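Structure first, then comments.
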Protein chains: 2
Amino acid sequence: MAMAAQPEHRQPIEEPWCVTTPKRPTDDHAAGEWLKSVGTALDVLECFAADTELGVSDIARRLGIAKSTAHRVLTTLGSRGMVEQNPDNGQYRLGIHLYELGQLAHARNGLRHAALPVMREVCRSTGFTVNLSVPDGPDVVFVERLVTQDSGRLLGHTGRRLPAHCTSSGKAIAAHNPKAADARLKAGFPPRASHTIRSAADWTAILDHVRKVGHAVSHSESFEGATSLAVPVFDRSHTAIAAISVFGPTDLMRPDIERVVPLLTAAARRISKALGA
Amino acid sequence: MAMAAQPEHRQPIEEPWCVTTPKRPTDDHAAGEWLKSVGTALDVLECFAADTELGVSDIARRLGIAKSTAHRVLTTLGSRGMVEQNPDNGQYRLGIHLYELGQLAHARNGLRHAALPVMREVCRSTGFTVNLSVPDGPDVVFVERLVTQDSGRLLGHTGRRLPAHCTSSGKAIAAHNPKAADARLKAGFPPRASHTIRSAADWTAILDHVRKVGHAVSHSESFEGATSLAVPVFDRSHTAIAAISVFGPTDLMRPDIERVVPLLTAAARRISKALGA
DNA sequence: ACCAGTGTTCCGTTCAGTGGAACGCATGGG
DNA sequence: CCCATGCGTTCCACTGAACGGAACACTGGT
C-alpha cells in the first residue's frame, strides 16, 4: 500500500482578537493535490481562517480565481451548510455543519478519550490549566483543555493551532518526533513573544535538552507572562504523537514547576500505556 | 440579490454508541448543487457521519462512484487534513483540520456569545443542564451546553443533531419559525422514544399550544425517562432562531417545571434583546 | 443621477474529473 | 502451499463538467 499524500503546511489560525498573522493568499497548493475544484473549495474554507466574514469578490481576489468560480464554490458549500450567508450583507461565513462534523471528529478522537481522565486528575492535583495537543505539520493543535482560573481567555478556544517552536507542547513532541521537528525547521522560526526561539540552532539545542530531561518548559514564548510545561505522549513505536501540558501565569507556575514535573510525567506515561506504548 | 441555495436535508448524525439510524447511501444531492466533484467530496465527508472509519471501497460502494474517484477525493481531502488515514489498516477517518475549522465556526458564533452568560446564570439558578440549539432544516443542532450531573453522557456531545419533533427545543423553535415547522412536516415524524410525536396533526397541535403558553416541554420524546423544557429566542423579525432549554431526568425535572419556566423565559428574552429583537 | 461596488447569472471553450482496468500487496481458507 | 478475494493504489483515454469573461440586477454613497 503506497503512501498517501501528506497534509501540506497550514498557517496557524489566528483570531482577529488575538495576534494577527500574515496571510498566504497564493498558497503552494501544487504539491500533493489532485482534484482542482475540491482543492479550491478547501482553499475557500481556509480563507475564513483569517477573516470571519468574506464576500464573493473578496475570496475571488484572494485566491486569484474568477468571481463566478468563487460564487459557484460558495453556493455548493452553502448548500451543505459548510458555509452560510449573512442575510444582511450577503457575505459568507463558516457554517454549522462544519461545526457538526468537527465535533464528530473530536468526539471520536481515541487519544482524547484515553487522556481525559488523566487530565482531570492532573488538573485537580496541580490546580493549573491542562492541555492535550497533537502535532500537525510544523504546528501543534490543542485538542482538549481543562481550564482553571481564566487562562482560557488568553489561550483562546481549543482547536487552535500554534507554531511548535513557541509552545512547550511543540518542543516536547518535536524532541521525540523527527517529522514534526523537521517540519518546523523547514517552516522557520517567526517570533511571537519576547522569548520565542528564533533560530534553527536554538531549536535543535532545545530539543536535545528536552530529550535529556524528559520535559519541556516555555516562559513567554507564545504569550507574554505565561509559562507552560509539557511532557510527550508516545505511541507503540516510541514516537511522540501528543503532549500533555500545564499552563498558567509565570509567577504562579515558576515556583511549582519542580512539584508538577513528576505528576505530569506520570500522567503522560499512563496515557502512553493506555495507547499501547 | 437573488436567493442562494438552501442547505438540503441532512440525516441526524448518530453515534455508534447511540441509537443507530438507517443510512441514506444514495442521497438526493441533485437539488441546489453545482460543483459535482465538490459535492461528492462533501458526500464523502458525510459518509463519516454514520461510521467512524471507512475504506476507499466502502465509500465508493456507498456513494455509487468509482473506487478511483473515491480514492482521489480522499487523498485530496487528506492532503488538507480534512480526513486522515489509519496507518494500521489504510482506512480513513475525519481529520483534525475539520475540528479546527469547526471550532472556529463555533468560537465566532455570535448567538452563542450572547447566550453564554445568560445560560450560566440559568444553570446556576436551576441546577439543570442548559442547552442552546438552533434550527437546521427539519432538525435542531445543539450549539452549546452547560452540564450538571452526568446528563452529558445521555445527550452525547454538542454539535449533535436531533429531529425537531422529539426535542422541546425543536418545538419551541418551530412554533415561531414556519420554515423549520414545514421542513419537519416534509421530513415526517420517525419515532425515537415512547412519547415521540408521530403525526403531522399532533405536530401542528403542539405548535399551537406552544405558541399559546410560550414554552415547550418534552417527556421521553427523545430519551426515555428524560424531560426537557425550552423557550424560543427571537431575532428582529420575531422569528425564532434558537431555543434555550433545560434538560434532566423526568423525576427530578417534573416537580420543578413551574419554578423553571419563568427563569427560562426571562433568560430567552434577555438573549433575544441582546440580538436586537 | 451617477458611479463603484456588490452578489448573481449566462455561455462557449477546454481542461480536469471521470470510470474501468490493471497493479501490488495483504489475508485466509482449501 | 497456492489460489481466490479483498484491499488501497495507479494509469489512461474520453467527455462532460468546471472554468473565466461578460452582462445582469441591485445597493449605497456622492
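The structure presented is a predicted model; accordingly, all values stated were derived computationally and were not measured.
An OP1 or OP2 oxygen of C:dT8 is reached within less than 4.0 angstrom by a side-chain nitrogen or oxygen of A:H71. For the OP1/OP2 pair of D:dC7 and a distance below 4.0 Å, the side-chain nitrogens and oxygens of B:Y92 include no atom meeting the criterion. Remark: B:Q85 is in phosphate contact with D:dT9, judged by side-chain N or O atoms under 4.0 Å from OP1 or OP2.
A:L74 places its CG atom 10 Å from the C1' atom of C:dG7, with the value rounded to the nearest Å. Here the P atom of nucleotide D:dT9 and the CD1 atom of B:I59 are 11 Å apart, to the nearest Å. With rounding to whole Å, A:D88 atom CG is found 18 Å from C:dT6 atom P. Spacing between atom CD of B:E53 and atom C1' of D:dG8 amounts to 14 Å, rounded to whole angstrom units. Taking atom CD of A:Q91 as the reference point, atom P of D:dG28 lies 13 Å away to the nearest angstrom. Look at CG on B:N89: it is 15 Å from C1' on D:dT9, rounded to the nearest Å. Protein atom CG of A:D58 is 12 Å distant from nucleotide atom C1' of C:dG7, rounded to whole Å.
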>> Walk along nucleotides 10-22 of chain C from 5' to 3' and tag each nucleotide B, S or - by protein heavy-atom contact under 4.0 Å, base first, then sugar-phosphate.
In response: B-----SSBBB--
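Within the 4.5 Å cutoff, side-chain heavy atoms of B:I96 are placed close to those of A:V134. Within the 4.5 Å cutoff, the side chain of B:F48 has no heavy atoms near those of the A:L104 side chain. When side chains are defined from C-beta on, A:T158 does not count as touching A:V143, because their heavy atoms never get closer than 4.5 Å. A heavy-atom distance below 4.5 Å is found between the side chains of A:L45 and B:M82.
Neither side chain, B:S169 nor B:T167, offers a donor N or O lying under 3.5 Å from an acceptor on the other.
No side-chain donor-acceptor contact under 3.5 Å links B:R192 to the backbone of B:H165. Under a 3.5 Å cut-off, the side chain of A:E84 and the backbone N or O of A:R93 do not form any donor-acceptor pair.
The aromatic rings of B:H106 and A:Y99 sit parallel, their planes meeting at an angle under 30°, below the 60° perpendicular limit.
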> For DNA chain C, what dot-bracket results from Watson-Crick or G-U pairs at under 3.5 Å, with [ ] for crossers and | for inter-strand partners?
Replying inline: .|||||||||||||||||||||||||||.|
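Checked for salt-bridge contact, A:D43 and A:R62 miss the test: no charged N lies under 4.0 Å from a carboxylate O.
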